[in-house]
Amino acid sequence: MDISFNQVSFTYQKGTPFEHHALHNVSTSISSGTMTAVIGQTGSGKSTFIQHVNGLYYPTEGSVEVGDFTITQDGLKSIKKLRQQVGMVFQYPEHQLFEENVRQELLFGPRNFGLEVSDSRLNEIFNMVGLPNEVLEKSPFELSGGQKRRVAIASVLVLEPKVLILDEPTAGLDPAGKQQIMNLFKSLQVEKQMTVVWITHDMTEVLTYADNVIVFHEGKLMGPAAPKALFRNKELLAQTSLNKPSVLKFLDELKDQIGVSINYNDQSAIELADEIIKVGEKS
Amino acid sequence: MNSFIIGQYVPKISWIHQLDPRTKLIIVFSYVIVIFAADSALGYGILLALAFLSTYLIQIPFKFIAKGLKPVWWIMVFTFILHLIFTRQGDMFISVLGFGLYDGAIIKAIEISLRFFLLILMTTVLTLTTTPIAITDAVETLLGPFKKLKLPVHELAMMMSISLRFIPTLMQEMDKITKAQASRGLDFKTGTLKDRAKAVLPLFIPLFINAFRRAEDLAVAMDARGYQGAYNRTKFRELKFTGLDYIIGLFVITVFAVFFMTGT
């Protein structure tokens, strides 16, 4: 589903001494079937932005279109239908688990929406997130942190959403776990044409997985841009206090200190090493 | 939930904000006692004037306070009606369906809801102008003499400040869990009473589990930093009375003294 924001502004606690403008006149569009990273410093409006997509917040001004749904300040009557199609995974989603076993936890969403889920489908989703089947009968509270995270993500995927919104899905996971989870989202995008939007602070993640990047700075939108173009834009990076991914930092250092200039085109570490060796042999 | 203001602190620079928390606590405490001693229109008039004067002085729009006390209005209306129906004092002047309406009941109903209103308004003025930490500090200092009776005053104050400290955290957490479950299709605004009661479980179970986890983390963190209770501890923020405290304190004491002497 296409997502578009038309001049959206959002104000928290309007009309009180705590009034706070979180989004200023944000207009952007996210095409169906793409993977979009949302970045920016803490408090820049990222979370407020993504929570508009499934109607957890209604815009104070402007409108949000998600597929055929239009959300304005008056809300949306068919909000439940929208939420069925837009899956949302919050930061540390393992904190929302509550059922007595993992199977019930996964069936919680489908039960709310009146959907039937077969056992084979459950197993399939379990394989997808990389959990062994015997975990299905365990209590969610006896699992490890990484397993809980996967259960929470599976509990959203079981609804088969068309749009997947994630708030720092890899925060606090080990490097292997991070990669596994991100690969899962990428494969959902490629194989099932899911539209994936995720918030992250990991610039390497952005460079590796994103088709587009949306940058937030003090509630305003800077972008969207393609990741590589963004990381070439020194002024924007400085203004929004963003870092470059480590591989680009490394190539910059290589150029500054040794004078070897190599363009980054998604090479793997080994391919880069080969290129550097080649340059070394020539000189 | 966000507009509910009981217990919320609004930073401003007003006379009342600058008062020592002990002064404010003592004033509010004696005010509450005086409310229950009040017995005449003049007495209530003075109390009302005092309450509105302090509400005016704190520089927070009254509209904001009135809106934040919305749930309290309902309780007031409820007590008013209850007293109207069930009090049997004075002369009955109307009788509807076996229920008599007495003139004493009307006075009683007004009196009780007025007392309730004053109580809430004054304590709200206190919490709007004083940080929770300042209030606990004041409680600890004021209860200081009880230490001699082996009352664990410091520990009580510590428990109080910890619970106050975690109210906003738990509210945030609740907000997040509510949204997460709403995204999974949980509906707690429509349906039968039984359905809605059931819909509360997916919110409260995670909330409680997280609260226990937090409590454990905090205990470990306190232990790790060598916390030993009141033993040999000095204060970072020393409480000090200023001229303003003496002036306002004296003013309020005079008002209350006149109040009792004239027997209003």
Side-chain angles (χ1 to χ4, degrees), chain A residues 12-20 47-48 50-51 53-57 79-100 104-115 139-141 145 148 152 154-159 161 163-167, chain B residues 1-5 8-14 17 58-70 128-129 168-191 195 198-214:
Chain A
Y12 281 103
Q13 297 189 278
K14 205 176 171 151
T16 74
F18 298 100
E19 195 171 277
H20 170 65
S47 293
T48 315
I50 59 160
Q51 288 179 37
V53 180
N54 79 339
L56 288 170
Y57 287 134
I79 193 93
K80 215 167 165 178
K81 277 191 191 134
L82 170 71
R83 287 189 181 151
Q84 191 179 337
Q85 302 194 10
V86 180
M88 171 83 92
V89 179
F90 278 86
Q91 223 169 354
Y92 298 103
E94 55 271 28
H95 292 170
Q96 74 192 38
L97 304 177
F98 70 98
E99 284 281 11
E100 50 192 310
Q104 292 302 319
E105 191 69 53
L106 292 192
L107 291 176
F108 174 70
R111 220 183 300 131
N112 286 330
F113 289 114
L115 304 174
S139 156
F141 301 110
K148 278 189 202 167
S155 77
V156 172
L157 292 181
V158 74
L159 294 165
V163 178
L164 191 58
I165 313 279
L166 309 129
D167 194 344
Chain B
M1 195 192 291
N2 277 333
S3 61
F4 193 56
I5 56 160
Q8 203 173 31
Y9 170 70
V10 181
K12 283 260 157 85
I13 303 168
S14 78
H17 278 80
I58 60 176
Q59 295 177 2
I60 296 166
F62 188 72
K63 225 171 110 188
F64 170 72
I65 301 175
K67 216 175 125 196
L69 292 179
K70 226 186 219 163
L128 280 173
T129 59
T169 312
L170 289 178
M171 296 268 275
Q172 258 173 24
E173 186 109 359
M174 184 71 179
D175 187 51
K176 196 189 117 186
I177 295 171
T178 309
K179 283 179 187 164
Q181 309 297 36
S183 303
R184 292 206 280 167
L186 182 68
D187 189 353
F188 34 86
K189 282 185 184 146
T190 56
D195 284 344
K198 256 191 181 165
V200 168
L201 280 184
L203 305 182
F204 278 111
I205 294 175
L207 189 71
F208 272 84
I209 287 171
N210 291 341
F212 286 129
R213 189 176 47 81
R214 253 181 238 289

* **Portion of A:Gln96 that has a non-hydrogen atom of chain B nearer than 4.5 angstrom** => both

* Checking heavy atoms, do the side chain of B:Leu186, its backbone, both or neither come under 4.5 Å from chain A? -> both

* **Part of A:Gln51 within contact of chain B (heavy atom distance under 4.5 Å)** => side chain

* Structure fact -> The interface call for B:Leu203 against chain A, heavy-atom contacts under 4.5 Å, is neither

* To do: Anything under 30° is parallel, anything over 60° is perpendicular, the rest tilted; go ahead and classify A:Tyr92 against A:His95.
  => parallel

* Asked: Is any side-chain N of the basic residue among A:Glu105 and B:Arg184 closer than 4.0 Å to the acidic one's carboxylate O?
  -> yes

* Sidechain-backbone polar pair: B:Lys176 side chain, A:Gln91 backbone, donor-acceptor under 3.5 Å -> yes

* Asked: According to the interplanar angle, ranging from 0 to 90°, do the rings of A:Tyr12 and A:His20 count as parallel (below 30°), tilted (30 to 60°) or perpendicular (above 60°)?
  -> parallel

